[in-house]
Structures are given as structure tokens and as C-alpha cells.
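Note sheet for the following structure.
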Protein chains: 2
Amino acid sequence: MAKPLTPRARQIVAVARELLEEEGAEALTMRRLGERLGIRAASLYKHLPNKAALEAAIIAVGFEDAAAAFEAVTGNGTEPLDTFARVYRAFALAHPHLYRLMTDQPLPRDLLPEGLEQRAAAPLLQAVGGDPARARAAFAFAHGMVMLELTQRLPPGEDPWPAWREGIAAFRARATTPGQRATAKHPH
Amino acid sequence: MAKPLTPRARQIVAVARELLEEEGAEALTMRRLGERLGIRAASLYKHLPNKAALEAAIIAVGFEDAAAAFEAVTGNGTEPLDTFARVYRAFALAHPHLYRLMTDQPLPRDLLPEGLEQRAAAPLLQAVGGDPARARAAFAFAHGMVMLELTQRLPPGEDPWPAWREGIAAFRARATTPGQRATAKHPH
DNA sequence: GTCTATACCCGGATAGAC
DNA sequence: GTCTATCCGGGTATAGAC
């Protein structure tokens, strides 16, 4: 799948990422990208087969960056789920357009390096104790919070952290699924 | 703000919604909409000022439908948060393109009827017991789960319900925010 | 590896006649 | 309230010369 890129192609992808991050998804066109590189849009096709490949390459570096950000803080002694949430949020809000490109559509898995998805997902799975369903639920929460922030769905000017704390606590507090009502387990 | 629509404009919006739901956001153009109505795209501007107004009107009816769906099941005896989750998910998956139009961008609040947002949000606030932070966290979870499903981010072919149950349980189990660790308050 | 030229398609919106 | 004609912009991508 994921064909390796030439050095020149990698450079083009790096500039494309800048363009995306600075001006948004609508600005990411072959023409505008050519402008930034000082060449014509047509010349790009000597380096990348089409726009989908360009986007897939940007997505791939995005996941690599995100995975690296997680790995940089694992095992630093802080509470794992809290740490995950902070790093996840920081990444998304620092790169909103990149984040949306990475999450808005089905992953072009056939154009992505093998194992990249798992690598990026591993820290959360560990943070919630290894249960995949719990990990997915916590991931949905984090993704949802970030999207609400990016789309300005929270009341304007309000601190999002109380909601973040609620979610972090919710996915940390219980050891396993309770049968029905609030019969919280005591840690002992 | 939200100017009232003429009956003809309402009909146009209804057809536009069909077009969106059946063919997706890229298909929602003034030309294609004109085709469905048997008129030219230019004629649409006699009824609606521009495309933004058309989208805002579609969003408004979407929220009205969603609010009605919640209100149809409130107080029917089932567990409130579970009920909310099921109705929320059912709406989003039944109208994926509409759902994304409603959530992908900041709300055009100045073009929407007064109070509509609150009306749609009320059922969840009640379901979590009235705490706004908790409600936002639970909403983020539901929104995130739906988006993961719509963007096919969950492992293909896997049942999403275990993750839904985890989240529902997570936001139901605790009574309030613990100070630091899982020192859940007892309901008394 | 870059260029020019071009094909082909699409979009939102306005003016003015009827 | 509909039409025609039009403006002006944008996009991906290919062919072939240099």
C-alpha cells in the first residue's frame, strides 16, 4: 500500500501541511500548493499521483506527530487518562485543520503505513486499563469534546475544563460496568 | 434574526433537505436543487437570499426534528440517559448528511429561531441530573461516538454497543465530581 | 522536473426581459 | 416567479515541449 515518497515529494507534503494548517482545508488545492512552492500545479503530478495521495500523506505525518506526542509523556508519573486528555486536546487545538482532515472522513487505510493507527491508539488503551470498549468510549468522549470546541458548540467564553474533568473522572472512576444503577465500587 | 420563510421557500427547503439526505453535502448546490424543483438555479434567489440561508433553514428543521424525537420519548419510564443515547444515535444514523451539516461548522445562530438550541439540549441536561458540565461531557461522548461511527473509525464489522454501554454507564454511575480519586458520593 | 496550454468540470450569484 | 444570458471564480488533471 503506502508507496514510499521521494525526498522532493516529502518536502511538497510538508509545505502542503503548512498550507492546510495556516489557511484551512479549502485552501489546500493543487494550485495554491504550487504557488507556495514556486512551481505550477501541473508539476506536482510528477511527484504525487493525485490529490488523494497528497492528503493521505499529510494524514500519515499527522498521525506520526500525534503518536510521538503521546509517547513523549507516557510513564511520566501523572495520571494516565488525564495526561492522555491533555495531550490529545493540545494536539487538536494546536492543529485544528490538520485534526479535521485526519478525522472528517474514513481513513484511507490503504494509503497509510502499516501499524500507524494502532500506534496512535495504544496510549489510550493502556490508560483505561486495556478494555477496548472502554478505550473506544473514552476516545469518543475526547474526540467529541475536541469537536465541540472546534465547532464552537460550547457556550461562548465558557471554560471547557469542567466538562473535560467530568469525562475524565467518568472513565477513570469505575472498575467495571455496573449492572444497573449508581452502585459505585469503592477503591480498597 | 431568522426571517420567516414564505410557504414556497419552506417547500424549497424541504426539497433541499431531501437532496442533502439522499446525495450528500457536495450534491447540495443551487443548480442541483433547481433541477429537483424543475426550475433554474437563478430563480431560487427570488425565495432565499443565498445558499447560507438555505443551509441555515435546513439546520433549523433538523434541530426541530431532533428535539421532537427526544420529546416523544421523555418520561416513558426507561432509563433517561440510555434513552437519550438511543434516540440520539438513531437520529444521527438515520440522517447522516443532515447530522453532519448540523454539527460540522459553528452554528449560524443569527439565522436560527430563538430558543431552538436550548430546546434540543434540554433532554440531556435532565437525563444527567441537571449538571451542565456533566451534560456537556455526556453530549461530547454521544457526538463522538456518532462521528466515529459515521466516519467508520471503529474497527469494521464490530458492534459499537459495548462502547456505547461503557459511556452510558460512565455518565450514569457517579453522583458528582470526585475531588481527586474515585471517592464517589453516596446518594442519600 | 518544470513549463505552457488546455480540457473539462463545477460553483454562487446578478441583470434584465417577460 | 420564472426565464436566459452571463460574470467571475474555482477545481483536478493530462499532453507534450523543453
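Computed from heavy atoms alone, side chains included, the values below leave out hydrogens, waters and symmetry copies. A note on names: the letters A, B, ... follow the listed sequences, proteins ahead of strands, and every chain is numbered from 1. All values derive from a computational prediction rather than experimental measurement.
Rounded to an integer number of Å, the gap from CG of B:N50 to P of C:dG12 is 11 Å. As rounded to whole Å, 12 Å separates atom P of D:dC3 from atom CD of B:E35. Between the C1' atom of C:dG12 and the OH atom of B:Y45 lies a distance of 4 Å, rounded to the nearest Å. Atom P of nucleotide C:dG1 and atom CG of A:L5 are separated by 13 Å, given to the nearest angstrom.
Remark: A:R31 is not in phosphate contact with D:dT12, judged by side-chain N or O atoms under 4.0 Å from OP1 or OP2. Listed pair B:R8 / D:dT2 meets the phosphate criterion, a side-chain N or O lying under 4.0 Å from OP1 or OP2. When the side-chain nitrogen and oxygen atoms of A:S43 are compared with OP1 and OP2 of C:dC3, one or more of them lie within a distance under 4.0 Å.
Residue whose closest nucleotide on DNA chain C sits further toward the 5' end, between A:I12 and B:L28: A:I12.
Closest to the side chain of B:I39, out of D:dA13, C:dT4, D:dT2, is D:dT2.
The pair B:R119-B:E71 meets the salt-bridge criterion, with a side-chain N (NZ, NE, NH1 or NH2) lying under 4.0 Å from an Asp/Glu carboxylate O. Using a cut-off of 4.0 Å between Lys/Arg side-chain N and Asp/Glu carboxylate O, B:R172 and B:D82 are scored as not salt-bridged.
Annotation: the span from B:H97 atom NE2 to B:L150 atom CG amounts to 9.5 Å, rounded to 0.5 Å.
No donor-acceptor pair closer than 3.5 Å links the side chain of A:R165 to the backbone N or O of B:A133.
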